[in-house]
Amino acid sequence: MKIDIVTIFPEIASAPLAASIIGRAVNSGLVEIHYHDLRQWAVGRYRQVDDAPYGGGPGMVMKPEPFFAAVEALRTEISHVILMTPQGQPFRQCKAVELAAREHLILLCGHYEGVDHRVVEALVDEEISIGDYVLTNGTIAAAVVVDAVVRLLPGVLGDERSAEEESFSPSGIGGLEAPHYTRPPEFSGMGVPEVLLSGNHAAIAAWRKERSIERTRAIRPDLVGED
Ligand code: ADE
């Protein structure tokens, strides 16, 4: 898979994706990630990428021309173009699974008040939001999407099951996971549920299922249609 990230802050996107699992995936050639400074496609003495909104209002709007030039330069027949924006569809695990099956993603990152709507109308296949809150820029959101997608690519996670177990339901996360414990069996007066030490795999699976349902109902009733 190839991913192009177009942003005025390439370093914000590259920093979190250079380390750990995603960094290793890049180094071993499982994915190619390219970071592009949108300003290289801006014109004029100041390479301006934003301007005041028509109709008035606070903040600045990102100009269309640099995005059009960027997509023109990067897009091929297999590209899927995404705009990161709080106005997009909520990003879920099932969307990560869908994007992981594509060969080429181009992620456009907004900043300031937003992006000229002609970009959305003419260039973008879909708009994605990583949650109902507003970040200072879409680049952080792009890094989140890339992380969630790349970890699903074959060979990226050491233990292939780790990714498989999450992707059963339409929401992608079938429910919250049961609590996890590791050594020591007693810490600061707190023990570990007996069943996990029993070696009885059927009992452990049943316990995990119950805890998973219990935690999902308490913390994320929306995932089981109970909110
Ligand atoms: N840009 C600013 N906030 C965002 C969000 N929540 N998701 C995606 N892009 C954004």
Side-chain angles (χ1 to χ4, degrees), residues 1-18 22 31 33-42 48-71 74-75 79-102 104-152 166-167 170-173 219-220 222-223 227:
M1 165 180 274
K2 180 175 161 193
I3 301 174
D4 285 295
I5 303 178
V6 178
T7 165
I8 52 171
F9 298 113
E11 68 282 8
I12 293 183
S14 59
L17 299 172
I22 308 302
V31 60
I33 307 177
H34 302 279
Y35 305 92
H36 306 277
D37 187 344
L38 179 70
R39 273 184 214 282
Q40 72 186 276
W41 288 291
Q48 195 182 343
V49 290
D50 61 328
D51 209 335
Y54 277 128
M60 299 290 264
V61 173
M62 293 187 81
K63 291 164 69 58
E65 306 95 314
F67 283 111
F68 275 77
V71 171
L74 301 171
R75 183 154 63 185
S79 309
H80 187 68
V81 182
I82 297 168
L83 176 67
M84 301 310 308
T85 162
Q87 267 80 54
Q89 279 184 48
F91 185 58
R92 299 192 209 287
Q93 187 65 20
C94 52
K95 176 58 74 178
V97 171
E98 190 188 309
L99 296 179
R102 294 195 176 266
H104 183 208
L105 301 176
I106 301 176
L107 277 71
L108 307 178
C109 306
H111 186 54
Y112 311 113
E113 276 309 301
V115 172
D116 186 289
H117 202 65
R118 287 165 288 190
V119 170
V120 176
E121 286 170 341
L123 293 184
V124 166
D125 294 309
E126 64 180 324
E127 298 168 89
I128 293 183
S129 162
I130 62 161
D132 292 338
Y133 39 80
V134 182
L135 302 167
T136 53
N137 66 79
T139 312
I140 295 169
V144 168
V145 167
V146 171
D147 184 286
V149 168
V150 171
R151 70 185 280 285
L152 297 174
E166 300 156 341
S167 45
S171 70
I173 47 174
I219 298 169
R220 292 293 306 275
D222 54 303
L223 291 179
D227 66 334

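Because the structure is a prediction, the values reported are computed rather than measured. Every number for a ligand or one of its atoms is a count from 1 in the order of the listing. All residue numbers in this chain count up from 1 along the given sequence.
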Once side chain to side chain donor-acceptor pair (under 3.5 Å) is applied, do any residues pair with Glu113, and if so which ones, sequence neighbours excluded?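 Per chain and number, Glu113 pairs via side chain to side chain donor-acceptor pair (under 3.5 Å) with no residue.
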
Identify all pairs of nitrogen or oxygen atoms, one from ligand 1 and one from the protein, separated by less than 3.5 Å, and list them with distances.
residue  : atom  : partner : partner atom : Å
ligand 1 : 3 (N) : Leu135  : N            : 3.0
ligand 1 : 6 (N) : Gly131  : O            : 3.1
ligand 1 : 6 (N) : Tyr133  : O            : 2.9
ligand 1 : 7 (N) : Ile130  : N            : 3.0
ligand 1 : 9 (N) : Thr85   : N            : 3.2

Could you check Val124, Leu83, Thr85 and say which one makes a side-chain contact (heavy atoms from CB on, under 4.5 Å) with Val115?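 Result for side-chain contact (heavy atoms from CB on, under 4.5 Å) with Val115: Leu83.
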
Under the rule for salt bridge (Lys or Arg N to Asp or Glu O under 4.0 Å), what residues qualify as partners of Arg75, not counting sequence neighbours?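 Expected list: none.
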
Nearest heavy-atom pair of Ala42 and Val49: which atoms, and what distance?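 That would be CB-CG1, 4.0 Å.
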
Got a sec, which residues hit ring-ring contact (aromatic ring centres under 6.0 Å, His included) with Phe9, two or more places apart in sequence or on another chain?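 Checked Phe9 against ring-ring contact (aromatic ring centres under 6.0 Å, His included); matches are His111.
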
Polar side-chain atom of Asp125 near backbone of Ile82 as donor-acceptor pair, under 3.5 Å: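 Pair absent, no side-chain N/O of Asp125 close to backbone of Ile82.
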
